[in-house]
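So the structure is just underneath, and the comments pick up after that.
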Amino acid sequence: MNKAIILAGGQGKRMKADIPKPLFKVLGEPMLEWVITACSAAGINDICVVKGFRGEMIDEYLGGRCRTVLQAERLGTGHAVMQAVPFLQEDDSDNTLVLCGDAPFIDPVTIEEALVIHKQQGNAVTVITAELDDPKGYGRVIRTASGISGIVEHKDASEEQRLIREVNSGAYWFRTADLIELLGKITNDNSQNEYYLTDTVSIAIAEGKNAGAYKSENPEIILGANDRKDLLALNDIARRAVIEKHLVNGVEFLCTDGVIIERSVEIGVGTQILPGTILRRGTKVGSNCVIGPNTVVECSMIGDNVTLNTVQVYDSSVESDVKVGPYVHIRPGSTIKSGAKIGDFVEIKNSTIGEKTAVAHLAYLGDSDIGRKVNIGCGTVTVNYDGVAKSRCVIGDNCFIGCNTNLIAPIKLGKAVYTAAGTTVTRDVPDYALAIERGQLKVNEGYTLRKLKKQK
Ligand code: UD1
Ligand code: CA
(Lines give C-alpha, C1' and ligand atoms only; values in the text may rest on other atoms or scores of the structure.)
(Ligands and ions follow the chains in the order given, each with its own letter.)
Protein backbone atom coordinates (compact mmCIF):
# COMPACT_ATOMS: atom_id res chain seq x y z
CA MET A 1 0.00 0.00 0.00
CA ASN A 2 1.16 3.55 -0.74
CA LYS A 3 1.71 5.69 2.32
CA ALA A 4 2.63 9.23 3.23
CA ILE A 5 4.87 10.84 5.79
CA ILE A 6 4.17 14.47 6.59
CA LEU A 7 6.96 16.43 8.26
CA ALA A 8 5.53 18.71 10.90
CA GLY A 9 8.28 19.07 13.46
CA GLY A 10 9.08 22.71 12.85
CA GLN A 11 8.48 25.56 15.24
CA GLY A 12 8.51 28.56 12.95
CA LYS A 13 10.36 30.91 15.29
CA ARG A 14 9.76 33.85 13.00
CA MET A 15 6.02 33.47 13.41
CA LYS A 16 6.60 34.57 17.01
CA ALA A 17 4.01 32.22 18.43
CA ASP A 18 4.20 29.15 20.61
CA ILE A 19 2.52 26.71 18.23
CA PRO A 20 3.93 24.27 15.66
CA LYS A 21 4.23 25.98 12.28
CA PRO A 22 2.01 23.47 10.39
CA LEU A 23 -0.90 24.49 12.64
CA PHE A 24 -0.92 28.06 11.35
CA LYS A 25 -4.05 28.56 9.33
CA VAL A 26 -4.55 29.34 5.69
CA LEU A 27 -8.14 30.26 4.93
CA GLY A 28 -9.29 28.95 8.28
CA GLU A 29 -7.59 25.55 8.09
CA PRO A 30 -4.17 24.60 9.47
CA MET A 31 -1.55 24.15 6.74
CA LEU A 32 -1.24 20.55 7.94
CA GLU A 33 -4.92 20.02 7.11
CA TRP A 34 -4.36 21.22 3.53
CA VAL A 35 -1.56 18.68 3.13
CA ILE A 36 -3.63 15.84 4.62
CA THR A 37 -6.55 16.78 2.33
CA ALA A 38 -4.26 16.61 -0.72
CA CYS A 39 -3.05 13.14 0.36
CA SER A 40 -6.58 11.83 0.87
CA ALA A 41 -7.73 13.32 -2.43
CA ALA A 42 -4.87 11.43 -4.10
CA GLY A 43 -6.11 8.25 -2.44
CA ILE A 44 -3.39 8.02 0.22
CA ASN A 45 -4.88 7.44 3.63
CA ASP A 46 -2.11 5.63 5.47
CA ILE A 47 -0.43 8.73 6.84
CA CYS A 48 2.18 9.25 9.53
CA VAL A 49 2.80 12.80 10.78
CA VAL A 50 6.23 13.51 12.27
CA LYS A 51 5.73 15.94 15.13
CA GLY A 52 8.42 17.77 17.07
CA PHE A 53 7.99 21.21 18.56
CA ARG A 54 4.92 21.10 20.83
CA GLY A 55 3.99 17.74 19.36
CA GLU A 56 1.08 17.39 21.76
CA MET A 57 -0.68 20.19 19.92
CA ILE A 58 -0.40 18.23 16.67
CA ASP A 59 -1.93 15.18 18.39
CA GLU A 60 -4.67 17.26 19.89
CA TYR A 61 -5.49 18.78 16.51
CA LEU A 62 -5.49 15.45 14.67
CA GLY A 63 -7.57 13.75 17.33
CA GLY A 64 -6.38 10.30 16.28
CA ARG A 65 -7.10 10.73 12.56
CA CYS A 66 -3.49 9.97 11.55
CA ARG A 67 -0.58 8.18 13.13
CA THR A 68 2.04 10.44 14.65
CA VAL A 69 5.64 9.89 15.67
CA LEU A 70 7.79 12.20 17.76
CA GLN A 71 11.08 13.63 16.57
CA ALA A 72 12.48 14.62 19.96
CA GLU A 73 15.33 16.69 18.54
CA ARG A 74 15.27 18.61 15.28
CA LEU A 75 18.25 17.21 13.44
CA GLY A 76 17.04 17.71 9.88
CA THR A 77 14.49 16.44 7.38
CA GLY A 78 16.30 13.10 6.93
CA HIS A 79 16.33 12.59 10.70
CA ALA A 80 12.63 13.43 10.81
CA VAL A 81 11.80 10.70 8.29
CA MET A 82 14.02 8.24 10.19
CA GLN A 83 11.59 8.51 13.12
CA ALA A 84 8.93 6.97 10.89
CA VAL A 85 10.98 3.90 9.90
CA PRO A 86 8.82 1.53 12.01
CA PHE A 87 5.78 2.88 10.16
CA LEU A 88 7.54 2.20 6.84
CA GLN A 89 8.59 -1.29 7.87
CA GLU A 90 4.99 -2.36 8.52
CA ASP A 91 4.51 -2.60 4.76
CA ASP A 92 7.42 -1.76 2.48
CA SER A 93 5.97 -3.26 -0.67
CA ASP A 94 4.87 -0.03 -2.38
CA ASN A 95 5.73 3.65 -2.38
CA THR A 96 5.90 6.42 0.20
CA LEU A 97 5.15 10.06 -0.38
CA VAL A 98 7.04 12.51 1.83
CA LEU A 99 5.53 15.97 2.22
CA CYS A 100 6.18 19.12 4.24
CA GLY A 101 3.40 19.97 6.66
CA ASP A 102 3.92 23.66 6.04
CA ALA A 103 3.56 23.78 2.24
CA PRO A 104 -0.23 23.80 1.93
CA PHE A 105 -0.66 24.02 -1.84
CA ILE A 106 0.62 20.60 -2.83
CA ASP A 107 -2.25 19.17 -4.88
CA PRO A 108 -3.56 15.69 -5.65
CA VAL A 109 -2.92 15.99 -9.39
CA THR A 110 0.77 16.72 -8.82
CA ILE A 111 0.98 13.83 -6.35
CA GLU A 112 -0.65 11.41 -8.80
CA GLU A 113 1.31 12.54 -11.87
CA ALA A 114 4.60 12.36 -9.97
CA LEU A 115 3.75 8.80 -8.94
CA VAL A 116 3.15 7.82 -12.56
CA ILE A 117 6.60 9.13 -13.54
CA HIS A 118 8.14 7.54 -10.45
CA LYS A 119 6.83 4.13 -11.45
CA GLN A 120 7.47 4.53 -15.19
CA GLN A 121 11.11 5.43 -14.57
CA GLY A 122 11.52 2.73 -11.92
CA ASN A 123 12.91 5.28 -9.50
CA ALA A 124 14.00 4.74 -5.93
CA VAL A 125 13.20 8.42 -5.41
CA THR A 126 11.36 11.02 -7.48
CA VAL A 127 11.66 14.62 -6.37
CA ILE A 128 8.78 16.96 -7.06
CA THR A 129 10.25 20.24 -8.29
CA ALA A 130 9.21 23.59 -9.71
CA GLU A 131 10.91 26.59 -11.20
CA LEU A 132 10.99 29.78 -9.17
CA ASP A 133 11.93 33.30 -10.23
CA ASP A 134 13.61 33.70 -6.87
CA PRO A 135 14.98 30.31 -5.77
CA LYS A 136 16.89 31.71 -2.78
CA GLY A 137 16.84 29.46 0.27
CA TYR A 138 15.64 26.34 -1.53
CA GLY A 139 17.52 23.18 -2.47
CA ARG A 140 18.63 23.30 -6.14
CA VAL A 141 18.03 20.37 -8.46
CA ILE A 142 21.19 19.34 -10.28
CA ARG A 143 20.27 17.96 -13.70
CA THR A 144 22.51 15.85 -15.90
CA ALA A 145 22.14 14.62 -19.46
CA SER A 146 20.56 11.39 -18.20
CA GLY A 147 18.44 12.71 -15.33
CA ILE A 148 19.33 14.27 -12.00
CA SER A 149 22.43 13.80 -9.90
CA GLY A 150 21.35 15.36 -6.64
CA ILE A 151 19.96 18.26 -4.66
CA VAL A 152 22.21 20.92 -3.19
CA GLU A 153 20.93 23.06 -0.34
CA HIS A 154 21.20 26.82 -0.84
CA LYS A 155 23.67 27.10 2.04
CA ASP A 156 25.91 24.42 0.54
CA ALA A 157 25.60 25.55 -3.08
CA SER A 158 28.30 27.17 -5.22
CA GLU A 159 27.69 30.52 -6.93
CA GLU A 160 27.08 28.65 -10.17
CA GLN A 161 24.61 26.21 -8.57
CA ARG A 162 22.73 29.11 -7.01
CA LEU A 163 21.83 30.30 -10.52
CA ILE A 164 19.69 27.17 -10.97
CA ARG A 165 16.00 28.07 -10.73
CA GLU A 166 14.57 24.56 -10.50
CA VAL A 167 14.15 23.80 -6.80
CA ASN A 168 13.13 20.94 -4.56
CA SER A 169 9.55 21.34 -3.34
CA GLY A 170 10.26 19.19 -0.31
CA ALA A 171 7.80 16.59 -1.64
CA TYR A 172 9.03 13.23 -2.93
CA TRP A 173 7.93 9.76 -3.90
CA PHE A 174 10.17 6.95 -2.63
CA ARG A 175 10.02 3.24 -3.17
CA THR A 176 9.41 2.36 0.47
CA ALA A 177 12.04 -0.38 0.75
CA ASP A 178 14.62 1.92 -0.87
CA LEU A 179 13.72 4.77 1.48
CA ILE A 180 14.39 2.59 4.52
CA GLU A 181 17.75 1.58 3.08
CA LEU A 182 18.76 5.12 2.01
CA LEU A 183 17.86 6.66 5.38
CA GLY A 184 20.46 4.40 6.96
CA LYS A 185 23.16 5.96 4.81
CA ILE A 186 22.54 9.67 5.37
CA THR A 187 25.15 11.57 7.38
CA ASN A 188 25.13 15.09 8.81
CA ASP A 189 28.31 16.11 7.04
CA ASN A 190 27.18 19.53 5.71
CA SER A 191 27.15 23.22 6.59
CA GLN A 192 24.17 22.85 8.94
CA ASN A 193 25.20 19.54 10.55
CA GLU A 194 21.77 18.20 9.71
CA TYR A 195 20.61 14.90 8.28
CA TYR A 196 19.30 16.04 4.90
CA LEU A 197 16.56 13.94 3.33
CA THR A 198 17.73 15.40 0.02
CA ASP A 199 20.95 13.40 0.27
CA THR A 200 18.92 10.28 -0.51
CA VAL A 201 19.02 11.35 -4.17
CA SER A 202 22.81 11.29 -4.63
CA ILE A 203 23.13 8.22 -2.39
CA ALA A 204 20.56 6.34 -4.49
CA ILE A 205 22.47 7.17 -7.65
CA ALA A 206 25.79 6.12 -6.07
CA GLU A 207 24.13 2.79 -5.21
CA GLY A 208 23.14 2.30 -8.83
CA LYS A 209 19.45 3.06 -8.26
CA ASN A 210 17.37 5.42 -10.39
CA ALA A 211 16.47 8.90 -9.20
CA GLY A 212 14.28 11.33 -11.08
CA ALA A 213 12.48 14.62 -10.87
CA TYR A 214 8.91 15.54 -11.69
CA LYS A 215 8.63 19.23 -12.50
CA SER A 216 5.29 20.82 -11.67
CA GLU A 217 4.05 23.71 -13.79
CA ASN A 218 2.62 25.28 -10.66
CA PRO A 219 5.29 26.97 -8.50
CA GLU A 220 2.72 27.56 -5.76
CA ILE A 221 3.09 23.94 -4.63
CA ILE A 222 6.40 24.96 -3.08
CA LEU A 223 5.19 27.93 -1.12
CA GLY A 224 5.38 27.79 2.65
CA ALA A 225 5.30 30.33 5.41
CA ASN A 226 8.34 31.27 7.41
CA ASP A 227 6.83 34.41 8.88
CA ARG A 228 3.51 36.19 9.16
CA LYS A 229 4.12 38.04 5.91
CA ASP A 230 4.44 34.73 4.05
CA LEU A 231 1.31 33.46 5.80
CA LEU A 232 -0.66 36.47 4.59
CA ALA A 233 0.64 35.83 1.06
CA LEU A 234 -0.57 32.20 1.25
CA ASN A 235 -3.96 33.37 2.49
CA ASP A 236 -4.22 35.84 -0.39
CA ILE A 237 -3.46 33.12 -2.94
CA ALA A 238 -5.95 30.70 -1.41
CA ARG A 239 -8.60 33.38 -1.04
CA ARG A 240 -8.37 34.40 -4.68
CA ALA A 241 -8.42 30.81 -5.89
CA VAL A 242 -11.63 30.10 -3.97
CA ILE A 243 -13.31 33.26 -5.25
CA GLU A 244 -12.32 32.34 -8.81
CA LYS A 245 -13.91 28.91 -8.40
CA HIS A 246 -17.18 30.53 -7.33
CA LEU A 247 -17.03 33.05 -10.19
CA VAL A 248 -16.83 30.14 -12.61
CA ASN A 249 -19.82 28.57 -10.85
CA GLY A 250 -21.95 31.68 -11.40
CA VAL A 251 -21.59 33.53 -8.13
CA GLU A 252 -21.45 37.31 -8.41
CA PHE A 253 -18.86 39.51 -6.71
CA LEU A 254 -18.96 43.26 -7.24
CA CYS A 255 -15.83 43.86 -5.21
CA THR A 256 -13.90 41.24 -3.29
CA ASP A 257 -12.55 43.53 -0.57
CA GLY A 258 -12.66 41.77 2.77
CA VAL A 259 -14.30 38.69 1.26
CA ILE A 260 -12.96 35.49 2.80
CA ILE A 261 -14.58 32.21 1.79
CA GLU A 262 -13.20 28.98 3.18
CA ARG A 263 -12.62 26.03 0.87
CA SER A 264 -15.51 23.86 1.98
CA VAL A 265 -18.19 26.52 1.50
CA GLU A 266 -20.81 25.95 -1.21
CA ILE A 267 -22.64 28.83 -2.90
CA GLY A 268 -25.53 28.60 -5.37
CA VAL A 269 -25.82 30.20 -8.78
CA GLY A 270 -26.82 33.86 -8.94
CA THR A 271 -25.92 34.64 -5.35
CA GLN A 272 -24.22 37.97 -4.84
CA ILE A 273 -21.42 38.29 -2.31
CA LEU A 274 -20.76 41.82 -1.10
CA PRO A 275 -17.61 43.25 0.55
CA GLY A 276 -16.68 42.22 4.06
CA THR A 277 -18.35 38.82 3.83
CA ILE A 278 -16.67 35.94 5.66
CA LEU A 279 -18.08 32.49 4.96
CA ARG A 280 -16.54 29.86 7.17
CA ARG A 281 -16.34 26.08 7.21
CA GLY A 282 -19.49 24.02 6.97
CA THR A 283 -21.52 26.76 5.35
CA LYS A 284 -23.83 26.26 2.41
CA VAL A 285 -25.53 29.21 0.74
CA GLY A 286 -28.35 28.72 -1.77
CA SER A 287 -29.10 30.49 -5.05
CA ASN A 288 -30.03 34.10 -5.68
CA CYS A 289 -29.07 35.32 -2.23
CA VAL A 290 -27.48 38.64 -1.37
CA ILE A 291 -24.87 38.09 1.33
CA GLY A 292 -23.14 41.08 2.88
CA PRO A 293 -21.87 43.63 3.26
CA ASN A 294 -20.07 42.85 6.50
CA THR A 295 -21.51 39.44 7.21
CA VAL A 296 -20.07 36.36 8.89
CA VAL A 297 -21.61 32.93 8.42
CA GLU A 298 -20.12 29.88 10.12
CA CYS A 299 -21.28 26.30 9.96
CA SER A 300 -24.76 27.27 8.78
CA MET A 301 -27.22 26.45 6.02
CA ILE A 302 -28.67 29.37 4.11
CA GLY A 303 -31.56 28.72 1.69
CA ASP A 304 -32.39 30.38 -1.63
CA ASN A 305 -33.33 34.03 -2.00
CA VAL A 306 -32.00 35.03 1.38
CA THR A 307 -30.70 38.49 2.21
CA LEU A 308 -28.11 38.73 4.98
CA ASN A 309 -27.07 42.34 5.43
CA THR A 310 -24.55 42.95 8.21
CA VAL A 311 -25.39 39.74 10.01
CA GLN A 312 -23.49 37.12 11.97
CA VAL A 313 -24.83 33.57 11.83
CA TYR A 314 -23.32 30.62 13.70
CA ASP A 315 -24.35 26.94 13.65
CA SER A 316 -27.84 27.76 12.49
CA SER A 317 -30.15 27.42 9.55
CA VAL A 318 -31.87 30.17 7.61
CA GLU A 319 -34.49 28.84 5.19
CA SER A 320 -35.44 30.34 1.84
CA ASP A 321 -36.96 33.78 1.23
CA VAL A 322 -35.77 35.22 4.52
CA LYS A 323 -34.53 38.78 4.97
CA VAL A 324 -32.12 39.40 7.82
CA GLY A 325 -30.42 42.59 8.92
CA PRO A 326 -28.91 44.96 9.29
CA TYR A 327 -27.10 44.32 12.58
CA VAL A 328 -28.43 40.91 13.53
CA HIS A 329 -26.75 38.15 15.52
CA ILE A 330 -28.05 34.63 15.01
CA ARG A 331 -26.40 32.40 17.59
CA PRO A 332 -26.01 28.60 17.57
CA GLY A 333 -28.99 26.30 17.43
CA SER A 334 -31.39 28.62 15.63
CA THR A 335 -33.68 28.01 12.67
CA ILE A 336 -35.26 30.88 10.81
CA LYS A 337 -38.09 29.45 8.74
CA SER A 338 -38.96 30.54 5.26
CA GLY A 339 -40.52 33.91 4.66
CA ALA A 340 -39.49 35.28 8.04
CA LYS A 341 -38.09 38.76 8.43
CA ILE A 342 -35.50 39.62 11.06
CA GLY A 343 -34.82 43.35 11.17
CA ASP A 344 -32.21 45.53 12.76
CA PHE A 345 -30.62 44.99 16.18
CA VAL A 346 -32.08 41.58 16.87
CA GLU A 347 -30.33 38.71 18.67
CA ILE A 348 -31.64 35.19 18.30
CA LYS A 349 -30.19 32.24 20.21
CA ASN A 350 -31.14 28.58 20.19
CA SER A 351 -34.59 29.41 18.87
CA THR A 352 -36.96 28.60 16.05
CA ILE A 353 -38.64 31.49 14.29
CA GLY A 354 -41.69 30.31 12.35
CA GLU A 355 -42.67 30.90 8.75
CA LYS A 356 -43.51 34.48 7.83
CA THR A 357 -42.89 35.68 11.36
CA ALA A 358 -41.55 39.22 11.71
CA VAL A 359 -39.03 40.30 14.30
CA ALA A 360 -38.57 43.74 12.85
CA HIS A 361 -36.35 45.47 15.36
CA LEU A 362 -34.58 45.53 18.71
CA ALA A 363 -35.43 42.19 20.25
CA TYR A 364 -33.76 39.32 22.11
CA LEU A 365 -35.21 35.88 21.51
CA GLY A 366 -33.37 33.09 23.32
CA ASP A 367 -34.36 29.45 23.89
CA SER A 368 -37.68 30.08 22.20
CA ASP A 369 -40.05 28.35 19.81
CA ILE A 370 -42.01 30.93 17.90
CA GLY A 371 -44.83 29.96 15.57
CA ARG A 372 -45.91 31.15 12.13
CA LYS A 373 -47.03 34.65 11.25
CA VAL A 374 -46.13 36.02 14.63
CA ASN A 375 -45.34 39.68 15.05
CA ILE A 376 -42.68 40.36 17.64
CA GLY A 377 -42.84 44.00 18.64
CA CYS A 378 -39.89 46.29 19.08
CA GLY A 379 -38.06 45.75 22.35
CA THR A 380 -39.43 42.28 23.09
CA VAL A 381 -37.24 40.27 25.43
CA THR A 382 -37.48 36.61 26.25
CA VAL A 383 -36.29 36.47 29.84
CA ASN A 384 -34.76 33.02 29.53
CA TYR A 385 -32.16 33.06 32.28
CA ASP A 386 -32.77 33.41 36.00
CA GLY A 387 -29.10 33.42 36.92
CA VAL A 388 -29.04 29.64 37.36
CA ALA A 389 -31.02 27.89 34.64
CA LYS A 390 -32.15 28.64 31.10
CA SER A 391 -35.82 28.07 30.27
CA ARG A 392 -37.87 28.12 27.09
CA CYS A 393 -40.59 30.39 25.74
CA VAL A 394 -43.21 28.97 23.43
CA ILE A 395 -45.26 31.37 21.35
CA GLY A 396 -48.10 30.02 19.22
CA ASP A 397 -49.00 30.90 15.63
CA ASN A 398 -50.42 34.33 14.81
CA CYS A 399 -49.48 35.92 18.13
CA PHE A 400 -48.98 39.65 18.33
CA ILE A 401 -46.37 40.53 20.90
CA GLY A 402 -46.61 44.21 21.79
CA CYS A 403 -43.60 46.47 22.06
CA ASN A 404 -41.44 46.10 25.15
CA THR A 405 -43.00 42.84 26.25
CA ASN A 406 -40.98 40.75 28.71
CA LEU A 407 -41.70 37.04 28.52
CA ILE A 408 -40.53 35.37 31.73
CA ALA A 409 -39.56 31.80 30.87
CA PRO A 410 -40.62 29.07 31.18
CA ILE A 411 -43.80 30.29 29.59
CA LYS A 412 -46.26 29.31 26.90
CA LEU A 413 -48.50 31.58 24.88
CA GLY A 414 -51.25 29.88 22.89
CA LYS A 415 -52.50 30.73 19.40
CA ALA A 416 -53.24 34.33 18.39
CA VAL A 417 -52.42 35.79 21.77
CA TYR A 418 -51.96 39.53 22.09
CA THR A 419 -49.70 41.09 24.67
CA ALA A 420 -50.11 44.76 25.39
CA ALA A 421 -47.10 47.03 25.00
CA GLY A 422 -44.94 47.08 28.11
CA THR A 423 -46.40 43.88 29.58
CA THR A 424 -44.31 41.51 31.66
CA VAL A 425 -45.88 38.11 31.11
CA THR A 426 -45.26 35.82 34.07
CA ARG A 427 -47.62 32.93 33.40
CA ASP A 428 -49.03 30.96 30.47
CA VAL A 429 -51.67 32.62 28.30
CA PRO A 430 -54.40 30.58 26.56
CA ASP A 431 -55.36 30.82 22.86
CA TYR A 432 -56.98 34.06 21.65
CA ALA A 433 -56.38 35.95 24.93
CA LEU A 434 -54.91 39.37 25.61
CA ALA A 435 -52.24 39.65 28.31
CA ILE A 436 -52.03 43.11 29.72
CA GLU A 437 -50.12 44.14 32.80
CA ARG A 438 -50.08 47.83 33.35
CA GLY A 439 -50.21 50.35 36.21
CA GLN A 440 -52.85 53.06 35.95
CA LEU A 441 -51.71 56.08 33.96
CA LYS A 442 -51.95 59.37 35.85
CA VAL A 443 -51.82 62.69 34.03
CA ASN A 444 -50.85 65.57 36.23
CA GLU A 445 -51.91 68.64 34.27
CA GLY A 446 -49.85 71.84 34.45
CA TYR A 447 -46.99 70.05 36.22
CA THR A 448 -44.16 71.58 34.17
CA LEU A 449 -45.39 75.11 34.59
CA ARG A 450 -45.71 74.69 38.36
CA LYS A 451 -42.22 73.26 38.56
CA LEU A 452 -40.69 76.10 36.57
CA LYS A 453 -42.44 78.67 38.74
CA LYS A 454 -41.06 77.06 41.90
CA GLN A 455 -37.50 77.13 40.51
CA LYS A 456 -37.72 80.87 39.79
C1 UD1 B 1 13.87 21.66 2.72
C2 UD1 B 1 14.74 20.95 1.71
C3 UD1 B 1 14.99 21.86 0.50
C4 UD1 B 1 13.68 22.27 -0.11
C5 UD1 B 1 12.77 22.91 0.96
C6 UD1 B 1 11.42 23.16 0.41
C7 UD1 B 1 16.19 19.51 3.04
C8 UD1 B 1 17.55 19.31 3.57
N9 UD1 B 1 15.99 20.60 2.33
O10 UD1 B 1 14.61 22.76 3.16
O11 UD1 B 1 15.76 21.19 -0.47
O12 UD1 B 1 13.88 23.17 -1.17
O13 UD1 B 1 12.65 22.04 2.10
O14 UD1 B 1 10.67 23.88 1.34
O15 UD1 B 1 15.34 18.69 3.23
N16 UD1 B 1 11.29 19.32 9.69
C17 UD1 B 1 11.15 18.44 10.72
N18 UD1 B 1 12.24 18.11 11.46
C19 UD1 B 1 13.47 18.60 11.20
C20 UD1 B 1 13.59 19.51 10.14
C21 UD1 B 1 12.49 19.83 9.39
O22 UD1 B 1 10.05 17.93 11.00
O23 UD1 B 1 14.41 18.26 11.91
C24 UD1 B 1 10.11 19.64 8.87
C25 UD1 B 1 9.70 21.09 8.96
O26 UD1 B 1 8.74 21.29 9.97
C27 UD1 B 1 9.11 21.34 7.58
C28 UD1 B 1 9.89 20.40 6.68
O29 UD1 B 1 10.44 19.42 7.52
O30 UD1 B 1 7.76 20.97 7.52
C31 UD1 B 1 10.97 21.11 5.91
O32 UD1 B 1 11.89 21.63 6.83
P33 UD1 B 1 12.62 23.01 6.62
O34 UD1 B 1 13.49 23.29 7.77
O35 UD1 B 1 11.63 24.05 6.26
O36 UD1 B 1 13.52 22.63 5.37
P37 UD1 B 1 14.32 23.61 4.49
O38 UD1 B 1 15.61 23.89 5.13
O39 UD1 B 1 13.48 24.77 4.14
CA1 CA C 1 11.27 25.50 4.57
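Nothing fancy with the numbering, it's 1 onward along the sequence. Atoms within a ligand are numbered from 1 in the order they appear, just like the ligands themselves.
Defined by atom type and a distance below 3.5 Å, a donor-acceptor pair is missing between the side-chain atoms of Asn288 and Asp304.
The closest approach between any non-hydrogen atom of Val167 and ligand 1 is not below 4.0 Å. Distances shorter than 4.0 angstrom do not occur between any heavy atom of Gly52 and any atom of ligand 1.
One N or O on the side chain of Ser40 and one on the backbone of Ile36 form a donor-acceptor pair closer than 3.5 Å.
Exactly one residue among Arg175, His118, Lys3 makes a side-chain hydrogen bond (donor to acceptor under 3.5 Å, both in side chains) with Asn95. That residue is His118. Just one residue in the list Arg281, Lys284, Arg331 forms a salt bridge (charged side-chain N to carboxylate O under 4.0 Å, His left out) with Glu298, and that residue is Arg281.
The N/O atoms of Cys100, backbone and side chain alike, include none that comes under 3.5 Å of an N/O atom in ligand 1.
The atoms of ligand 1 that sit less than 4.0 Å from any heavy atom of Gly101 are 30 (O). Against a heavy-atom cut-off of under 4.0 Å, Asp102 is close to the following atoms of ligand 1: 27 (C), 30 (O). Those atoms of ligand 1 that come under 4.0 Å of a heavy atom in Thr77, given as number and element, are 7 (C), 8 (C), 15 (O), 20 (C), 21 (C), 29 (O), 31 (C), 32 (O). Here is the list of ligand 1 atoms found below 4.0 Å of a heavy atom in Tyr196: 8 (C).
The aromatic rings of Phe253 and His246 are tilted relative to each other, their planes meeting at an angle between 30° and 60°.
Of the heavy atoms in His79, none comes closer than 4.0 Å to ligand 1. Contacts of Ser169 with ligand 1, taken as heavy-atom pairs under 4.0 Å, involve the backbone alone. In Glu194, neither the side chain nor the backbone holds a heavy atom less than 4.0 Å from any atom of ligand 1. Neither the backbone nor the side chain of Val50 has a heavy atom within less than 4.0 Å of ligand 1.
Atom CG of Leu179 is separated from atom CG of Leu97 by 11.0 Å, given to the nearest 0.5 angstrom. Put simply, NZ on Lys215 and CD1 on Ile128 are 14.5 Å apart, with the number rounded to the nearest 0.5 Å.
For atom 20 (C) of ligand 1, the choice among Met31, Arg74, Lys155 with the nearest heavy atom turns out to be Arg74.
Heavy-atom minimum distance, Leu365 versus Ser368: C-OG, 4.4 Å.
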